[in-house]
Amino acid sequence: MSEVHLELTDVGIEFPTPKGPFRALEKVDLKIKQGEFISLIGHSGCGKSTVLNIVAGLYEATEGGVLLDGREVNEPGPERAVVFQNHSLLPWLTAYENVELAVDQVFKRSKTASEKKEWIEHNLKLVHMDHAMHKRPDEISGGMKQRVGIARALAMQPKIMLMDEPFGALDALTRAHLQDSLMEIQKELNNTVIMITHDVDEAVLLSDRIVMMTNGPAASIGEILSVDLPQPRDRLALADDPTYNHYRSEVLRFLYEKQRKVNH
Amino acid sequence: MNPLKWSLVEPFYKLLIGEDRKGQINNITKMIGLPIAGLVVFLLIWQGASSNIHTSLGQFPGPVQTYEQFISLQEEAEASALKEEKFYERQAERNAQRVEKDPGYVPTIRDYTGPPTFFEQIGRSLVTVMSGFFLASIIAIPIGIVIGLSANAYAAVNPLIQIFKPVSPLAWLPLVTMVVSAVYVTDDPAFDKAFLNSMFTVLLCCLWPTIINTAAGVATVTQDLKNVSQVLRLSWWTHVRKIVLPCSIPMMFTGLRISLGIAWMVLIAAEMLAQNPGLGKFVWDEFQNGSSNSLGRIMVAVIMIGIVGFILDRGMLILQKAVSWDKSVTLR
Ligand SMILES: Nc1ncnc2c1ncn2[C@@H]1O[C@H](COP(=O)(O)OP(=O)(O)OP(=O)(O)O)[C@@H](O)[C@H]1O
Ligand SMILES: [Mg+2]
């Protein structure tokens, strides 16, 4: 029963372009278990965001399909919450109000007003944003905006969190803080997460499995690497850990060598 | 809103507490000194030029004659107010006498019907322009939102907008007049026909900037925000209310400001032709009147039209600033 939670079967997509159809993905096959943390890694433009958008329901696959708990995905919905690359907060609303918009929509009737308020504050606390709840996006830093974006996604109580380079635009220190927060939250809530990243360390540190994609056009899954490092993971302790470094070099080798061979 | 931070007040305040004296004096010169210098130069040129222009109605009014006419208009308004007061006093007296003689008599109160004073005309103009502008906004904003949301609706409506936008109010007015007299037939008209004619002409001319700018504002909703809305499965109405409207408000207000400016300009012309009480009719009547004071009075009206237009625009600007969420954009 606890086996397959999300299943992508032979997913392919073709975008219509002025110069004829462009095939972005072909035969993407992936099975994900409840509570798994999956990283998608691959060269720029290979189709990572496209995979994520198909799972989110924002794009429709041309071939194949996505099943979530046995049910077909064909439109966006809050049970597949998305953390967008550039936070996508509504700039005229405060952090609290941004989360509120999601909570009001998802728990329209199932929570009372005071329960909603508590739930919003709880989620902002999870990402350590309770001190700046009533500030607007232009009054907080990039890292804080990303935290609010995560809080908004968590507040939807999604079955799956989809994160598109959530920490891509942040400095190394802020990124490390947010990664720690994310690991903490994931341990507590046991969410299923698919995260796109360009950062090899981030992928190894956070993931249960790393999905490495081949270059486009017609990109597919090249290799899947299971990361068998004990939880909780400590970035400083792992820095000298030979297993950790082994995984790291596996990913790097895929990105630099195997890709080059495919290309030639 | 700290009054000490207002741009007109701040330099004086800082001068008082002795902060950067030299800079403040500089600021004050720039803010008050230069506009005053510009005004003085303008008045001198005006005086010099007007004394050389001789019209069939006498010399073109300079600043002094214009000011005199302004004072005389004020006196007329005061006299008229006095007359009105007297009228009501006499009426009350008369009614009281009749009721005394015949206790069953129910007095009828008649309204004072003197000619409107200059300042009442300003009031009438403002009422007309705001009615036309308000109605136009109620029509234009929803249209702007709909065509902003749908590329197909935009393609269908845009050519019409582009064609009607440059049409002069003077071309609309005869049509509006005929339609109003054909359609608006009641025995007890709540509105004067001349008022309706000017108002609808104003309405027709100030629809377009609001429609265009609202649609452009709606187009500033990014794909990211649309994705958020889709993931949350917001209904169409919630999407418009929570995302599209706030996003388009800055552009919408830019359009509303342009519309109000056009409305005010159009109104003066419409009042002249439609003979609707207001500043435009005042100018026209004075022109027809052709006394030696007329040009001076028209000059007063011209300046008043400018000042009222300026105040209307500032009012919209203040409103725009109050409702704009993006405080980083400087509005001017
Ligand atoms: N809506 C679309 N229409 C046409 N082509 C598209 C569309 N979306 C993506 N593509 C194309 O599909 C390919 C994959 O794009 P995608 O955005 O998924 O890449 P990515 O791996 O996320 O890249 P990056 O790491 O730079 O974000 C690209 O070649 C892109 O040009
Ligand atoms: Mg991408």
Side-chain angles (χ1 to χ4, degrees), chain A residues 49-50 52-60 73-94 97-108 135-139 145-146 148-149 152-166 169, chain B residues 1-2 5 141 144-145 148-152 155 213-214 216-256 317-331:
Chain A
S49 298
T50 309
L52 207 75
N53 281 330
I54 291 174
V55 176
L58 293 165
Y59 287 168
E60 208 184 322
V73 165
N74 44 22
E75 59 169 350
E79 79 281 0
R80 282 158 284 126
V82 185
V83 178
F84 297 92
Q85 180 165 10
N86 44 356
H87 66 77
S88 295
L89 299 176
L90 311 191
W92 52 87
L93 298 182
T94 62
E97 290 165 334
N98 264 289
V99 180
E100 190 181 30
L101 180 72
V103 169
D104 277 346
Q105 186 66 16
V106 176
F107 302 101
K108 224 175 264 171
K135 290 198 168 156
R136 288 202 316 214
D138 58 356
E139 298 166 325
K145 282 184 244 202
Q146 217 45 269
V148 179
R152 177 172 64 184
L154 288 171
M156 298 178 205
Q157 228 166 35
K159 289 181 176 166
I160 296 196
M161 289 256 284
L162 305 171
M163 311 174 93
D164 193 344
E165 293 181 50
Chain B
M1 284 287 237
N2 179 1
K5 290 258 178 264
I141 291 172
I145 288 177
L149 284 173
S150 147
N152 291 342
N213 282 283
T214 304
V218 172
T220 61
V221 179
T222 57
Q223 188 60 45
D224 285 334
L225 295 189
K226 288 183 204 162
N227 286 345
V228 171
S229 169
Q230 280 191 304
V231 167
L232 286 175
R233 289 220 190 103
L234 297 184
S235 64
W236 184 86
W237 177 236
T238 317
H239 174 67
V240 168
R241 218 160 35 94
K242 296 272 176 157
I243 294 185
V244 174
L245 261 181
C247 212
S248 50
I249 268 184
M251 284 295 281
M252 188 190 297
F253 267 82
T254 306
L256 286 173
L317 182 64
I318 289 170
L319 203 61
Q320 183 176 19
K321 279 185 177 162
V323 297
S324 270
W325 44 268
D326 197 351
K327 307 287 182 202
S328 63
V329 183
T330 45
L331 298 166

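All values reported here derive from a predicted model rather than from experimental measurement. Residue numbering restarts at 1 for every chain, and letters A, B, ... go by the order of the sequence lines.
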Relative to chain B, which segment of A:N86 carries a heavy atom at a distance below 4.5 Å: side chain, backbone, both, or neither?
-> side chain
At their closest point, which heavy atom of A:Q105 faces which heavy atom of B:L232, and how far apart are they?
-> CG-O, 2.9 Å
Side chain, backbone, both or neither: which part of A:Q85 has a non-hydrogen atom closer than 4.5 Å to chain B?
-> neither
More than 12 heavy atoms of other residues, nucleotides or ligands under 6.0 Å from CD of A:E139: is that the case?
-> yes
B:I249 versus chain A, heavy atoms under 4.5 Å apart: side chain, backbone, both or neither?
-> neither
Does NZ in A:K135 sit with more than 12 non-hydrogen atoms of other residues, nucleotides or ligands closer than 6.0 Å?
-> no
Here the pair of heavy atoms bringing A:L101 nearest to B:K242 is CD1-CD, 3.7 Å
Quick one: what part of A:A102 sits under 4.5 Å from any heavy atom of chain B, side chain, backbone, both or neither?
-> both
A:L89 versus chain B, heavy atoms under 4.5 Å apart: side chain, backbone, both or neither?
-> backbone
With chain B, which of A:S88, A:P91, A:A56, A:P76 has the greatest number of heavy-atom pairs at distances under 4.5 Å?
-> A:P76
